[in-house]
Amino acid sequence: MLFELKVALRFLKEGRGQTVFILLGIAVGVAVQVFLNTLITGLQEDLVNQTVGNSSHIWIEGKSDFDTETNLLEWDNIIEIIDNREDIAAISPLVEGNGFIVTNAEAVPIQLKGIELDQADAIYNIISRLDVRLTSLSGNQVLIGQGIAEEYGISTEDVIRLSLPNGIVQNYAVAGIFDLGNSVSNNTWVMMDIKQAQKILGLGNKISKIEMQINEIFDAEIIAEELDGRFINVRVDNWIQSNSSLLSALRSQSSSSIMIQVFVLLAITLGIASVLAVSVVQKSKQLGILKAMGTKNKHASRIFLLQGALLGLLGALLGAGFGMLLIYGFLYGTSIGTGVPLFPLSIEYTSILVIGGIAVVSSTIAAAIPARKTARLNAVEVIRNG
Amino acid sequence: MDEQNVLLQAKDLSKVYGTVIRTKVLHELNFSISEGEFTSIIGYSGSGKSTLLNVLGALDQPTSGEIIFNGIEFGQMNEDELAIFRNENLGFIFQFHHLLPEFTALENVLIPTWIKAGKTHNKRVERAKELLDLVGLSKFMNNKATNLSGGQQQRVAIARALINEPAILLGDEPTGNLDSESTEQVYRLFREINKEFGTTLIIVTHNDHIAAKTDRVIELTDGRISRDYSNKDLSDDAAFEQVAPSYCKYCGRAHNNELHLL
């Protein structure tokens, strides 16, 4: 074993009380960082997921300089081209329109969504959230939201009457009722086959937009820009643009979390530096004698650098353990009663590794000051003064 | 003195402390120490004994002059070179024992070998045990340094000083902190080491009885060698007479181990 390491370990072992306190200090700091980091990341992922998890990340609409027409004509070509991109996970054409469900008593305003069920499912996750098993929609079938169904007492296999602003009134069979987990879709959406929607809205072969989900949601702006450059007479929008306030909230949350972590780290570093500085004074006799016996200055300093690194390493390991306990505690604590935690947290080992690594590095840096003091320590002074 | 046997030579050795207020502690000392010689350095407090020993022991650097060990001038070596030099050629014994309390007696003896090798391989364990046996502490080798008496600690320090087989053993008041029985024990050990290994010994002491028993006495007064004489071929009483009258002015013949001057 390296001689300096043996001495460093022995100094730590024999100064047990001091060692335990500083280890706990580092461990608590690292635990706070691990927990805070996981909590913030989990919270943000949950928020983003709730916002864009089951909705389109990028959508393409038509745009003309001459009129307000926003429908897309040659959309199959566009889909064919973007379908080749690796970074796009799902593509779904959509026809949109407004209308009413006409009941005996009133006309209920709805949003008409013309979709290809399998393609829309890739974005909205519809099929698994239907009350029946269904894989496609035929011409006279519609899907309605749970909100409408409950409000107006409509159930699967009932027939509803749809009325459109252009005067068309037609009956449809309710093929299923969906619950997409948000009130707007549940209370207003009525889905039908895209061709049927084109027909009754009088769009011919046009659609309203192409919706997409991408693999890396934060690449939305870049991909949208690329798409915008690729096609003419289209308008490309993305979720980041339409959720800018959410994103700036997330960003400030991230920066405040980083601030807290930096100050925790600073506290740890100062703690180690002061403990080791005291330790140099306590061990000056030992260091003097080691030097008298031929220990070089740089090797004497290394004893303290090693102590710093060892404290950092052990503290980081302990802290990572404490941090994970806190995370499990949070998940358990918030799931009492409801059965599900407030929001899901996933332990990210890479970020724990990074936090631990930073703790080790800063502990070693903290030891540099006492180590320099050690190098300057004069053996003669120490020996003379007993 | 036989030139061929000279182990350590001081030429015009001076030491000045301080840069603004300069205190000259050693004044152009010239002397040489022969191989196998057992020398004591005596003198009043502040006469420069310890400074001389530190300079001879490569712990401190002279302000001017040369110290030549086996033909090598080490007075101007840099700190790292001095560290290696100390580790390989010199053994130290100090007044306050200076064992590392975190380590056992055996480990303390092994430390100089660890420093030499840069790591803690224990090839020298057998030798360390032999040395602990020599100083009569085999039974206590696994005791922490703090669980040993003062005399025992000093004997461990002697074993430690010997582990790297140094040419010179330097002692700064090695018996200064010990009772008379331990003092006698330590002296006998020094004599045994001197005879058995041919180790050269230089000790700074306040104890005239110990000084009288060494082969040669160098007496310092205000940083100059005031007397330098041999005790060889003298009876114990005559040797003590030679050391004490000029030195123990205030305590006379009655002074003993317990009574240190000034």
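Predicted model only: the values in this text are computed from it and were never measured.
Proximity to chain A (any heavy atom under 4.5 Å) is shown, for B:E102, by both the backbone and the side chain. Residue contact with chain A, scored on non-hydrogen atoms closer than 4.5 Å, involves the side chain of B:E107 exclusively. Only the side chain of A:K283 comes within contact range of chain B, with at least one heavy atom under 4.5 Å from a heavy atom of that chain.
Of all the listed residues (A:H299, A:K298, A:K291), the one sharing the greatest number of non-hydrogen pairs under 4.5 Å with chain B is A:K291.
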TODO: Might you work through the side chain to side chain donor-acceptor pair (under 3.5 Å) test for B:T183 and B:T175, ending with a clear yes or no?
DONE: CA-CA 5 Å; B:T183 299; B:T175 60; 4.6 Å; no
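Every pair passing salt bridge (Lys or Arg N to Asp or Glu O under 4.0 Å) that includes a residue from residues 14-39 of chain A is listed here, sequence neighbours excluded: A:E14-B:K144.
Between B:Y187 and B:F38, the ring-plane angle classifies as parallel under the 30° and 60° cut-offs.
Here the two rings, on B:F85 and B:F69, have centers that are under 6.0 Å apart.
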